[in-house]
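Below, chains carry the letters A, B, ... as their sequence lines are ordered, and counting in each starts from 1. This structure is a prediction, so every number in the text was calculated from the model and none was measured.
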Number of protein chains: 2
Amino acid sequence: MRRRRGADGKSTIKDVARAAKVAVGTVSRVVNAHPSVDPATRQRVERVIARLGYEPNAIAQSMRTRVTRTVGFVVPDISNPNWAWILGAASRILQPRGYTVVVASTGGERALELDVLGVFARRRPDALILALDSGDDGVLARALRQLRMPIVMMERELPGPWDAVMTDHAGGAYTATRHLLGLGHRRIALITASERVRPGAQRVQGYTRAFADEQLPVEPDLLRCGSFDPDFAFRETSSLLSRRDPPTAIVAGGIQLLAGVLRAAGLHGAAIPSALSVVSCGDTDLAQLASPPVTVARWDVKAIGVAAAEAVLRRLRGAASAAPARVVLESELVVRESCAPPCARRPGRCQARIQSP
Amino acid sequence: MRRRRGADGKSTIKDVARAAKVAVGTVSRVVNAHPSVDPATRQRVERVIARLGYEPNAIAQSMRTRVTRTVGFVVPDISNPNWAWILGAASRILQPRGYTVVVASTGGERALELDVLGVFARRRPDALILALDSGDDGVLARALRQLRMPIVMMERELPGPWDAVMTDHAGGAYTATRHLLGLGHRRIALITASERVRPGAQRVQGYTRAFADEQLPVEPDLLRCGSFDPDFAFRETSSLLSRRDPPTAIVAGGIQLLAGVLRAAGLHGAAIPSALSVVSCGDTDLAQLASPPVTVARWDVKAIGVAAAEAVLRRLRGAASAAPARVVLESELVVRESCAPPCARRPGRCQARIQSP
DNA sequence: CTGAAAGCGCTAACAT
DNA sequence: ATGTTAGCGCTTTCAG
């Protein structure tokens, strides 16, 4: 079986054309399902394609057409289940439409974020879905604009002409805090991400508003903003529980933080909810199956991915210059058993069973 | 500032050459850090590049050089934390080396797997890291071979000339089962993935071997192979606990399965470990923080990603035709508090505290 | 050290 | 309906 092939051993459109005794244009037409091809010719070409195992070279196609049918996905850490779920949801929509997802993690570090934008400037995906962490001094926004491709921001607020999909984390933290306030708690700690990233800032805002509503003061030391790392939550919880007047309740302001809070609470022997009430922002197996099950402010994580993918498709289908869309997902409180009224004496140490009559 | 640009508004190597008054070849040389460029010329070109915001078009580069600096990553479900961790670990190695990871989920469905392989046949990544689920009738293996690129299989055993990295799940299940057997359990259930995928098959094998070692018979109905979906574990656990002679212990043979097992056990009021002992294959926050903490057979999930990435790099660095490497990671038992000797009477219902002297 | 030119594999006119 | 051909943007000889 004679056939000439490219250096990598794959046959090219030329090989097919030669073997089928047609011009390359014709092969291109059958590959792209162009209507004006004689059925007989089409069949002959298709047979040759099958015989040679010809696969159109997407690189060459992209070079010609200037579209890669590729969507970049940039997040701080793709190992984080939050982003993994979102990626999964987005790719479940994009993949069947012929788009391939190209991922990159930034570690939330500015330098890497810039690097990654550079990579995508060179690779020319058709669109970008991203969550950038480093604050904006205009450099990032400019870099994004230079990309000249549809961009969808996730859970972040970087001013610019791009679509954005996010969760009302302020609302989530607000409801969580109110719930605790309503139970009679006053020393409520909030552990969450740095205020420089939207979810962190939003939660602080919701928390603060809940206190303001009751005309109650916020104690600054009870606000622990730093990162989404469970170890951060562990350290902060330990530190909080070691205070002379430990908080009677903690809001874990991030999907991954609950694990750190529970671990530290366990180590400190702080019984939940008798000695310490806990609310988590973000529902997980852990929140549902912990003892007791943890009250959470939950939202539809995957919906972020779905909305982002749909925004991308909308742009790519021609609404390229429509006004930036902005979708905000609601957060809802699910009351479980991790919250109780605060213990009056020996705050943070009391044992509910012992104290009850 | 005059400058001609491509249709997408990006300047090309030609624009740079024109503006710097050099030939495109020279621009190419400075971009690729070729040594033989006069320093003065280099500087002039670099300035123009900065001024025009020129970014080499990776598509065109790939077309010429036939390398994409891209690695495909194919798994059943990228939302699954197991794969997300592995992807994270792999990309943490690949990204700094200039490789971009392209992901695709297959849902474990044959048709999609074939689709995805087709996509990658066209996109021409430099290598592929994958976990295929559908059994092999030779079609898949042939498709992979036609790809003519380095391939690394993860957690799967598909015969062929590719590297493989996997975990000794048989060993994990064996140790877990022995542990239970040693405690005196005899009716031990195993819930795991379908036997058609390696982790499922391996766990059944380890479990069976543990019984064989003790010359004990395996009761087939206690083997529940089906999927890695927590809902599957939930259903099977419910079904098992509804038996007239429910198992006294359950091995959750998959990282995600523990959640389903615990949920069902909770609903059935089966206290752990007094009424039901539980071992999980795969360590998680849930296993560590459940009450009681769950004994697990654990292994280093990320190491799979690291090993896969390293295998890819090794091939890409020239060891293209070395014999297929095969790395097997060990699994280790971490005893926590979810296992106790089986309850003698009223199996599956007794309360440990009531029975102890 | 630098310029000129030949393609990489494909699509999309433009002819016929 | 099909053949021909001009590039897409880049790298890489090959001359000079």
Under 4.0 angstrom, heavy atoms only, what part of the nucleic acid is B/Ser62 near: base, sugar-phosphate, or nothing?
-> nothing
For D/dT11, does either OP1 or OP2 sit under 4.0 Å from a side-chain N or O belonging to B/Gln61?
-> yes
Measure from [atom1] on [X] to [atom2] on [N] and round the result to the nearest Å.
| X | N | atom1 | atom2 | answer |
| --- | --- | --- | --- | --- |
| A/Ile49 | C/dG9 | CD1 | C1' | 14 Å |
| A/Asn57 | C/dT11 | CG | P | 10 Å |
| B/Arg18 | D/dC10 | CZ | P | 12 Å |
| B/Arg66 | D/dG9 | CZ | P | 20 Å |
| A/Met63 | C/dA12 | CE | P | 14 Å |
| A/His34 | D/dT2 | NE2 | C1' | 10 Å |
| A/Ile59 | C/dT11 | CD1 | C1' | 16 Å |
| B/Ile13 | D/dT11 | CD1 | C1' | 8 Å |

Scan side-chain atoms only and decide if A/Thr100 and B/Arg123 contain a donor-acceptor pair under the 3.5 Å cut-off.
-> yes
Choose from [options] the nucleotide whose nearest atom is closest to any side-chain atom of [X].
| X | options | result |
| --- | --- | --- |
| B/Lys14 | D/dT2, D/dC8, D/dC10 | D/dC8 |
| B/Ser36 | C/dT2, C/dG9, D/dT11 | C/dT2 |
| A/Thr65 | C/dA12, D/dG3, D/dT2 | C/dA12 |

Steps toward side chain to side chain contact (heavy atoms under 4.5 Å, CB included) verdict (A/Lys10, A/Glu55) = CA-CA 8 Å; A/Lys10 290 278 223 172; A/Glu55 296 280 2; 3.8 Å; yes
Is the number of heavy atoms from other residues, nucleotides or ligands within 6.0 Å of CZ (A/Arg196) greater than 12?
-> no
With a 4.0 Å heavy-atom cut-off, tell me which residues in residues 23-33 of chain B come close to DNA chain D, sorted by residue number.
-> B/Gly25, B/Ser28, B/Arg29, B/Asn32
Given DNA chain C, 5'-ward residue of the pair B/Arg44 and A/Arg64, judged by closest heavy atom = B/Arg44
NZ/NE/NH1/NH2 to OD/OE distance under 4.0 Å, B/Asp126 and B/Arg69 = no
For B/Asp133 and B/Arg110, what are the C-alpha separation, side-chain angles and deciding distance, and is it a salt bridge (charged side-chain N to carboxylate O under 4.0 Å, His left out)?
-> CA-CA 7 Å; B/Asp133 267 0; B/Arg110 175 133 195 129; over 6 Å; no
Taking the side chain as every heavy atom from C-beta outward, state whether A/Pro56 and A/Ile13 have any pair of such atoms under 4.5 Å apart.
-> no
Supply the atom-to-atom distance B/Ile304 CD1 to B/Ile86 CD1, rounded to the nearest 0.5 angstrom.
-> 5.5 Å
